[in-house]
Trainee: 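Can you read through this structure? Questions will come right after.
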Amino acid sequence: MIDTHCHLDAARFEPDRDDVLARAWTTGLHGILVPGVGPENWEPLLAMSRAEPRLQVGLGIHPQLLPEIPPEEDEAHLERLDALLAQGGAIAVGECGLDGPSAAGAPMERQVAVLRRHLALARKHHLPVLMHCFRAHPALIELFKQEPLPEAGVLMHSYGGGADLARFYIQKGCYFSFAGPVTWAEARKPLDALRVIPPDRLMAETDAPDQAPTPHRGQRSEPGYLPRVIEGMARVLGEPVEVLAQRTTENARRLFREAFPMPSR
């Protein structure tokens with residue numbers, strides 16, 4: 001299994017990161033994708049990946065971080081991101097995207113401009129994009145209608161936008177990853193979306209340390225909980241857990257161009 005979105009560098013993992021990883025490998029994971037969210041963590045993440053091949057990284061600027069970054073620094077950070085992507089080591093661009101609640105501190109016009117640059121970098125470096133979209137789907141849809149998407153693909157991370165929106169993103173060639181909310185008792189929209197997504201576009205994630213699946217909801221999530229997410233997805237789809245685990249793993253390895261090592265037998 002591959003966790004396609006886990007913030008392993010988050011401060012909440014500082015006390016026991018090694019133990020968290022040990023538990024993840026024990027549960028059957030053989031790869032974790034750690035998305036970079038801002039300039040300060042890009043190089044530490046690259047170093048983390050060099051030290052452990054099962055940890056792969058994306059590099060990007062999260063829209064929720066933009067209010068903390070002076071707008072006049074956007075261009076310099078994006079140029080540095082371009083240079084780091086050119087050096088290799090990252091298997092994706094992102095986490096990046098649009099965030100409705102962050103518009104108070106980073107207007108949507110600025111968020112769209114920064115995301116447009118991420119998409120251009122993904123096209124330039126032939127990398128897929130880890131896409132965040134929260135309460136901002138109208139703006140993202142408008143951008144997707146205007147902007148050519150990277151041939152390497154766009155992964156809609158922790159998708160929760162519902163079936164109708166999913167159909168638009170499917171038509172645009174997007175992939176979809178689901179996290180802990182698919183196991184929550186009140187889940188509706190992500191379950192409806194899950195049922196309409198083509199099998200070869202489907203992946204799983206924990207978004208740890210956030211969005212822990214049942215029965216760990218409300219606690220810190222961790223990559224070792226990925227089997228719980230896949231169990232929840234399999235229940236919705238009426239499929240054997242083992243079949244879905246294998247399919248989501250194969251889909252992730254294909255999207256990320258075999259970057260994750262094959263598990264040892």
Trainee: Using side-chain contact (heavy atoms from CB on, under 4.5 Å) as the criterion, point out the one residue from L84, V37, V93, L130 that pairs with L59.
Mentor: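 The passing option is L84.
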Trainee: Looking only at atom types and distance, does a side-chain atom of R228 sit under 3.5 Å from a main-chain N or O of G180, one as donor and one as acceptor?
Mentor: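 No; judged by distance alone, with no hydrogens or angles, the pair does not exist.
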Trainee: Using modelled atom types and a 3.5 Å cut-off, is there a donor and acceptor pairing between side-chain atoms of K172 and backbone atoms of L149?
Mentor: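 Such a contact is absent between K172 side chain and L149 backbone.
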Trainee: So that I can tick it off, tell me whether D74 and R110 are bridged by a salt bridge, with the cut-off set at under 4.0 angstrom between side-chain N and carboxylate O.
Mentor: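 Salt bridge present between R110 and D74.
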Trainee: Tell me, with the steps shown, if W184 and T214 meet side-chain contact (heavy atoms from CB on, under 4.5 Å).
Mentor: CA-CA 6 Å; W184 297 352; T214 303; 3.8 Å; yes
Trainee: Taking side-chain contact (heavy atoms from CB on, under 4.5 Å) as the definition, give me every residue that meets it alongside R12, ordered by chain and number, with sequence neighbours left out.
Mentor: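 Expected list: P209, D210, R220.
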Trainee: Report yes or no: does S49 contribute a side-chain atom to a donor-acceptor pair with the main-chain N or O of L55 at less than 3.5 Å?
Mentor: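 Checked: pair present.
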Trainee: Between H5 and H7, how do the two ring planes meet: parallel, tilted or perpendicular, split at 30° and 60°?
Mentor: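 If you compare the ring of H5 with that of H7, the planes turn out perpendicular.
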Trainee: Under a plain distance cut-off of 3.5 Å, with no hydrogens placed, do S158 and Q211 share a side-chain donor-acceptor pair?
Mentor: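 Yes, S158 and Q211 have a side-chain donor paired with an acceptor closer than 3.5 Å.
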Trainee: If you count every heavy atom of other residues, nucleotides or ligands that lies below 6.0 Å from Q146 atom CD, does the total exceed 12?
Mentor: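 Yes, enclosed.
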Trainee: Sorted by first residue and then second, give each side chain to side chain donor-acceptor pair (under 3.5 Å) pair with at least one member in residues 20-33; sequence neighbours left out.
Mentor: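 Matches after skipping sequence neighbours: R23-E222.
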Trainee: Taking everything shown except R217 itself, do over 12 heavy atoms lie less than 6.0 Å from its CZ?
Mentor: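 For R217, atom CZ is crowded (more than 12 foreign heavy atoms under 6.0 Å).
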Trainee: Report yes or no: does D3 contribute a side-chain atom to a donor-acceptor pair with the main-chain N or O of T206 at less than 3.5 Å?
Mentor: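 Indeed, once roles are kept as given, a pair shorter than 3.5 Å links the two residues.
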Trainee: Answer yes or no: is there a donor N or O on one side and an acceptor on the other, between the side chain of Q111 and the main chain of A106, under 3.5 Å?
Mentor: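 At least one qualifying donor-acceptor pair exists.
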Trainee: Can you check whether P39's main-chain N or O pairs, donor with acceptor, with R80's side chain at less than 3.5 Å?
Mentor: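 Yes; at least one donor-acceptor contact below 3.5 Å.
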Trainee: Taking A10's backbone N and O only, do any of them form a donor-acceptor pair with R17's side chain (distance below 3.5 Å, no angle check)?
Mentor: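 Between the backbone of A10 and the side chain of R17 there is a qualifying donor-acceptor contact (under 3.5 Å).
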Trainee: So, the side chain of H62 versus the backbone of Q64: is there a donor-acceptor pair under 3.5 Å, distance only?
Mentor: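 Looks like yes, one N/O pair under 3.5 Å.
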Trainee: Is it true that a side-chain atom of E205 and a backbone atom of H157 form a donor plus acceptor pair closer than 3.5 Å?
Mentor: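 No, the answer is negative, given that no donor and acceptor are paired below the 3.5 Å cut-off.
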Trainee: Would the H137 and Y169 ring centres measure less than 6.0 Å apart?
Mentor: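 Ring-ring flag for H137/Y169: true, centres closer than 6.0 Å.
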Trainee: I'd like to know if the side chain of E242 pairs up with that of Q246 as donor and acceptor (distance under 3.5 Å, no hydrogens or angles considered).
Mentor: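 Side-chain D/A pair, E242 to Q246: absent.
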Trainee: Do S177 and T4 meet the criterion of a side-chain donor-acceptor pair at a distance under 3.5 Å?
Mentor: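 A pair is found: one side chain offers a donor N or O, the other an acceptor, under 3.5 Å apart.
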